[in-house]
Amino acid sequence: MDMNRWLSTLPQFLVLLPSAASCYYTMQNQMRHTPFRTAALCAAVLFPYSLLCSCLCAVLRIDINVILLPSLILFFFLYRRTVTASLPKCLAVYVGVCAVQTFPAQFAYVFDAFLHPTSGYMDFSMEAAFFQLGLSCLIAAALAWPACRHFFRMVDRLDFPKIWYSTVALSAVFLIMNTLSVPKSYSTLHTGRMLYLFPLMQGCALAVLISIYLLFYRGTAVILEYTELKERSQLLEMQSHQYRTLLEHIRQNARLRHDFRHSVRLLSSLAEKGNIEDIRAHLAEFESSLTESTPKNYCANAALNALFGYYHEMAVSACIDTDWHIELPEPLPATELDMASLFGNLMENAIDGCLTIPEDDRYFCLTTEIRHSNRLYIVSTNSFDGKVRKGKDGYRSTKHGGKGTGLISITTAAEKYGGSAQASNSGSEFFVDVTLKI
């Protein structure tokens, strides 16, 4: 085995280590295992892989890309198994990191051409290989702070698959471009001013790619801010609706107190006559008017209470038989906005399902309870017409061709706080079970 060849290819494969670390920067809230365990798993896979593949390249004298590029597909599926993020998010992050990490290789080829003008990429020197590894580690370290501090919010909160797939296409363009522009012979770089123009163009391309990612981040931040403002506006509107209901309740109580003296006189008159049946009828009517005018209190949180009241009123107006038992911990296991998003999507989906069948068959049961002092269980059951569309990635929307946005939001909110969400159906019943860690 050619030891020089082995020493020059091993660092090229070890570039996978900083690349793997970069893939997890934005997944800090989406990891299935602890960071230490994930790092151990990556090291257990990548170190033996690098040693074995560098030996193969040294013995067979083949280009490392013949082995490395197909392996990237396998590594993606391994990466996908270690995070809980959706496929579009994983693909966008993975391809983006691969695209960025192709630039150190391009600069390393220029460095190698400067050191060995008569050589070529098949005789990549050990000095250039370690230069590539060092530059890759430097880029990974430079991206660590902004990715861990800011970019992870996009992965946590942006649930628009089309946007993520568009970034995959953009990153793939740079990845393919750099893969195809590897100089086969260094003599081409010594033609004219190519030895200076090539790294200059690569630097500009890297700057353009980073700038596009920054613009994507700023655009995403605006979208998320608008979405959050819209959700808060909806919550405020529901709270305003509840406030108006409470005002009407106060007015009705004032009228009832005002009219109570008339009721006392009537009851006194009926009592004198010994008319017990009319007294009971009048008291029952009076009690009914008190019960109907009293707004129901579902939980201690004002915003969620308004949310429950809003959807309960919607369900009642749609002739849906409701059976709700709400028990929420204090403090809430998630932010008020995330809890509102979870319950809002849950109740909206259930009501939409009930509307697909006749009024006499509509029912919606919602139960939340605390178990074992550290888990909040949410169980939703509703009737529907039994028609579902399912794909390999779960239930798909019956309104459009994609995956149901409501179910995605419910699952994302649950997994964000260490929980889970599972949807299922049986005949004309649809079930959603959610657990949240308190």
Side-chain angles (χ1 to χ4, degrees), residues 26-35 37-38 82-86 89 152-159 224 227-228 231-232 234-235 238-239 296-312 315 322-353 364-382 393-395 403-425 429-438:
T26 57
M27 295 289 179
Q28 52 188 281
N29 294 327
Q30 306 286 334
M31 296 173 65
R32 295 185 185 274
H33 313 293
T34 63
R37 186 177 179 183
T38 303
T82 60
V83 295
T84 59
S86 62
K89 295 178 182 180
F152 77 95
R153 293 191 180 92
M154 296 188 303
V155 176
D156 289 347
R157 299 168 57 190
L158 186 65
D159 295 314
L224 292 175
T227 303
E228 185 174 337
E231 290 176 349
R232 290 190 181 278
Q234 290 175 341
L235 273 179
M238 293 175 188
Q239 288 179 285
K296 189 169 182 180
N297 190 38
Y298 296 94
C299 63
N301 185 276
L304 291 181
N305 195 60
L307 183 77
F308 288 126
Y310 175 82
Y311 280 105
H312 188 270
T322 58
D323 183 15
W324 292 7
H325 303 279
I326 309 298
E327 178 190 5
L328 296 178
E330 286 292 338
L332 295 171
T335 64
E336 186 178 84
L337 205 59
D338 285 335
M339 290 291 287
S341 174
L342 190 153
F343 279 111
N345 282 295
L346 197 66
M347 292 185 287
E348 185 177 9
N349 282 358
I351 292 172
D352 286 345
F364 175 22
C365 301
L366 178 63
T367 302
T368 71
E369 61 179 10
I370 302 168
R371 296 182 187 174
H372 312 300
S373 302
N374 64 348
R375 290 281 174 178
L376 174 65
Y377 286 83
I378 305 169
V379 180
S380 171
T381 306
N382 66 273
D393 54 350
Y395 286 93
K403 191 174 180 180
T405 307
L407 289 176
I408 292 176
S409 298
I410 293 169
T411 304
T412 302
E415 292 178 346
K416 181 178 178 181
Y417 295 96
S420 63
Q422 184 176 3
S424 60
N425 71 285
E429 286 187 321
F430 196 87
F431 311 97
V432 180
D433 299 319
V434 182
T435 61
L436 291 177
K437 187 177 180 181
I438 301 177

| said: Would you say CZ of R32 has more than 12 non-hydrogen atoms from neighbouring residues, nucleotides or ligands within 6.0 angstrom? | reply: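 Above 12, so yes.
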
Nearest 0.5 Å, please: how far is [atom2] in [Y] from [atom1] in [X]?
X	Y	atom1	atom2	answer
D323	L366	CG	CG	9.5 Å
S420	R375	OG	CZ	7.5 Å
N382	E429	CG	CD	8.5 Å
Y377	R371	OH	CZ	6.0 Å
H312	N305	NE2	CG	12.0 Å
I378	M339	CD1	CE	5.5 Å

What are the two closest heavy atoms between [X] and [Y], and how far apart are they?
X	Y	answer
L407	N349	N-ND2, 3.9 Å
A300	E330	CB-OE2, 3.7 Å
A414	L436	CA-CD2, 3.6 Å
S380	F364	OG-CE1, 3.3 Å

| task | Please answer whether the main-chain N or O of G419 pairs with a side-chain N or O of T435 as donor and acceptor at a distance below 3.5 Å. | result |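 Side chain of T435 to backbone of G419, a donor-acceptor pair under 3.5 Å: no, none is there.
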
With a 4.5 Å heavy-atom cut-off, do [X] and [Y] have their side chains touching?
X	Y	value
S341	L337	no
T38	M27	no
L342	Y417	no
T26	M154	no
M347	F308	yes
Y298	L307	no
L304	I326	no
V434	T411	no

| Does E327 have any salt bridge (Lys or Arg N to Asp or Glu O under 4.0 Å) partners at least two apart in sequence or in another chain, and if so, which? |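 Salt bridge (Lys or Arg N to Asp or Glu O under 4.0 Å) check on E327 returns nothing, list empty.
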
